[in-house]
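The first residue of the sequence shown is numbered 1, and numbering continues consecutively from there. These numbers come from the heavy atoms of this one structure, side chains and all, not from hydrogens, waters or symmetry mates.
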Amino acid sequence: MTPRKRTTKAMKSFPFALYDAFSETAFGGSQAAVITDAAAIAVELRGKIAREIGMPATAFVDAIDNSGVTAQFLSAVMELPMCGHGTICLFSHLLETGLLTLANANETSLQLRLPKTTATVSLRRRNDGRFQVLLDIAPPKFEPPPTHTGTLLTLLGLDADALDAALPLETARGDFVHLVVPLTGLDAMRAVKPDFNGMVDFCNANGIETIALFCNQVEDPSNRIHVRDFCPAVGVSESAAAGTTNAALSSYLLRHDLLPKTPQPIEVNAEQGLELGRPSSIQSIVTLDNGEIARLQVGGVATKVFDGQVYLQAGSDD
């Protein structure tokens with residue numbers, strides 16, 4: 001009997017790298033993978049790759065030209081319409097590998113083209129040679145919060161006295177929908193005992209994507225706010241660093257007269273991820289025109305942790 005000949009499908013490889021966003025060192029901030037030369041990867045397969053990598057976000061780079069970058073962000077459970085920390089990782093990687101270069105020696109602005117939106121990204125080379133990435137975010141619209149405050153407190157494992165009575169809970173609707181929850185201080189932040197399964201149900205029932213807790217008490221006096229952001233409804237139990245969330249929180253602070261309304265750009269530094277052992281530093285910049293937000297940016301730096309190849313069988317699209 002003649003042995004049956006085994007057919008081996010050819011393998012294709014795609015370069016990828018893993019970065020920690022909003023962190024000057026490895027093992028801090030929020031993680032995102034970046035896969036370049038991804039135009040040949042079918043949309044249906046991207047979700048499987050993102051789940052296999054298992055990071056809060058994976059960026060698939062489809063095209064790079066003189067005006068900007070065409071890409072798509074996916075979490076392990078869904079496509080992300082925008083991703084602040086993913087943007088920091090994406091552009092840091094393209095600059096560090098030379099796939100992008102600055103228009104002059106120090107800075108430039110480019111377009112990030114995503115399937116559902118386009119945003120401006122400002123890039124600057126710091127004195128130490130590293131790159132700061134700032135993403136323009138559309139200012140959110142604010143709405144009343146869901147009425148089930150008691151349910152929310154139960155999901156957070158908190159009592160009502162943990163809420164800052166001087167500030168309201170509000171829904172901030174932008175690229176994501178955030179429930180903004182002001183707490184009294186660091187003790188309340190550290191006392192949170194999240195019920196992630198219950199949060200998913202709560203968020204889905206109320207059209208919320210992240211539950212953004214903040215307080216005005218900080219561990220590092222150079223920061224303005226301390227943040228925790230729970231996002232199980234979009235595939236991340238708790239984010240160690242969230243750009244879009246911090247942009248929304250800066251808008252909230254301005255809305256409630258907690259920031260000075262000056263003609264100069266207003267910088268808001270936030271600390272996040274400390275409870276997760278992944279300290280993060282997120283900078284938001286708010287520029288006003290006649291007291292209204294004319295430009296809202298969020299950004300920082302990203303640190304590469306490792307890189308390698310994603311291997312796929314040729315023709316894999318299901």
Side-chain angles (χ1 to χ4, degrees), residues 12-22 30-47 49-50 53 55-75 78-126 129-138 174-176 243-244 247 285 287 295-304 307-312 314-317:
K12 295 181 67 175
S13 64
F14 300 85
F16 91 104
L18 176 64
Y19 279 75
D20 291 340
F22 300 112
S30 192
Q31 303 152 298
V34 182
I35 299 177
T36 52
D37 300 330
I41 301 177
V43 173
E44 296 80 4
L45 186 57
R46 295 182 183 197
I49 295 170
I53 292 174
M55 294 297 103
T58 297
F60 296 85
V61 181
D62 292 313
I64 305 168
D65 56 42
N66 291 334
S67 64
V69 176
T70 302
Q72 183 183 32
F73 292 115
L74 280 83
S75 75
M78 64 181 289
E79 180 183 353
L80 303 174
M82 176 57 72
C83 182
H85 85 272
T87 298
I88 310 303
C89 296
L90 166 61
F91 279 89
S92 295
H93 180 61
L94 297 181
L95 288 166
E96 290 174 7
T97 56
L99 294 171
L100 271 182
T101 56
L102 299 183
N104 58 50
N106 294 313
E107 59 185 300
T108 193
S109 291
L110 295 170
Q111 296 298 300
L112 172 60
R113 300 179 292 265
L114 301 173
K116 298 178 181 178
T117 190
T118 299
T120 299
V121 179
S122 300
L123 309 170
R124 181 176 66 86
R125 189 192 305 272
R126 303 192 316 190
R130 300 190 68 180
F131 297 99
Q132 182 189 43
V133 181
L134 287 169
L135 170 67
D136 276 50
I137 299 285
D175 290 308
F176 290 89
T244 51
I285 301 176
T287 304
R295 189 176 192 185
L296 178 60
Q297 298 169 282
V298 66
V301 300
T303 299
K304 184 163 71 171
D307 56 24
Q309 300 285 324
V310 174
Y311 293 96
L312 303 173
S316 294
D317 58 2

From CA spacing to verdict: side-chain contact (heavy atoms from CB on, under 4.5 Å), Leu90, Leu112: CA-CA 10 Å; Leu90 166 61; Leu112 172 60; 3.9 Å; yes
Spatial distance of atom CG (Leu18) from atom NZ (Lys304) [nearest 0.5 Å]: 10.5 Å
Atom OG1 in Thr101, atom CG in Leu123: separation rounded to 0.5 Å? 10.5 Å
Using every non-hydrogen atom in the two residues, find where Ser92 and Val133 come nearest and quote the distance to one decimal. OG-CG2, 3.9 Å
Quick one: list whatever passes salt bridge (Lys or Arg N to Asp or Glu O under 4.0 Å) with Arg295, sequence neighbours left out. Asp136
Are Leu80 and Met82 side-chain neighbours, meaning at least one heavy-atom pair lies under 4.5 Å? no
Give the minimum heavy-atom separation between Pro15 and Gln309, together with the two atoms involved. N-OE1, 3.5 Å
Could you report the tightest heavy-atom contact between Leu296 and Ala247, atom names first, then the distance? CD2-O, 3.7 Å
Once rounded to the nearest 0.5 Å, what's the spacing between atom OG1 of Thr244 and atom CG of Asp175? 7.0 Å
Reported CD1-to-OG1 distance for the pair Ile88 and Thr303, which is rounded to 0.5 angstrom: 12.0 Å
Check the side chains of Gln111 and Thr120 for a donor-acceptor pair under 3.5 angstrom, ignoring hydrogens and angles. yes
When every non-hydrogen atom of Leu135 is compared with those of Ala119, the smallest separation belongs to CD1-CB, 3.7 Å
Would the His93 and Tyr19 ring centres measure less than 6.0 Å apart? yes
Determine, stepwise, if the pair Ile35 / Ile53 fulfils side-chain contact (heavy atoms from CB on, under 4.5 Å). CA-CA 11 Å; Ile35 299 177; Ile53 292 174; 4.1 Å; yes
Within a strict 4.5 Å, meaning less than it, do heavy atoms of the Leu312 and Val310 side chains meet? yes
Quick one: which residue pairs count as a salt bridge (charged side-chain N to carboxylate O under 4.0 Å, His left out) with a foot in residues 59-70, not counting sequence neighbours? Arg46-Asp62, Asp65-Arg113
pair Leu114-Thr118: side-chain heavy atoms closer than 4.5 Å: no
Heavy-atom closest pair (Phe60 atom, Ala50 atom, distance to 0.1 Å) is CZ-N, 4.5 Å
Point-to-point distance, once rounded to the nearest 0.5 Å, from CZ of Phe73 to OG1 of Thr87: 3.5 Å
Which heavy atom of Arg130 sits nearest a heavy atom of Ala302, and at what distance? NH2-O, 2.9 Å
Would you give the length of the straight line joining atom CZ of Phe131 to atom CZ of Arg126, rounded to the nearest 0.5 angstrom? 10.5 Å
Is any side-chain heavy atom of Glu107 closer than 4.5 Å to a side-chain heavy atom of Ser122? no
Residue pair Val61, Val34: steps toward the side-chain contact (heavy atoms from CB on, under 4.5 Å) verdict: CA-CA 7 Å; Val61 181; Val34 182; 4.1 Å; yes
Hey, mind stepping through Phe22 and His85 against side-chain contact (heavy atoms from CB on, under 4.5 Å) and telling me if it holds? CA-CA 7 Å; Phe22 300 112; His85 85 272; 3.5 Å; yes
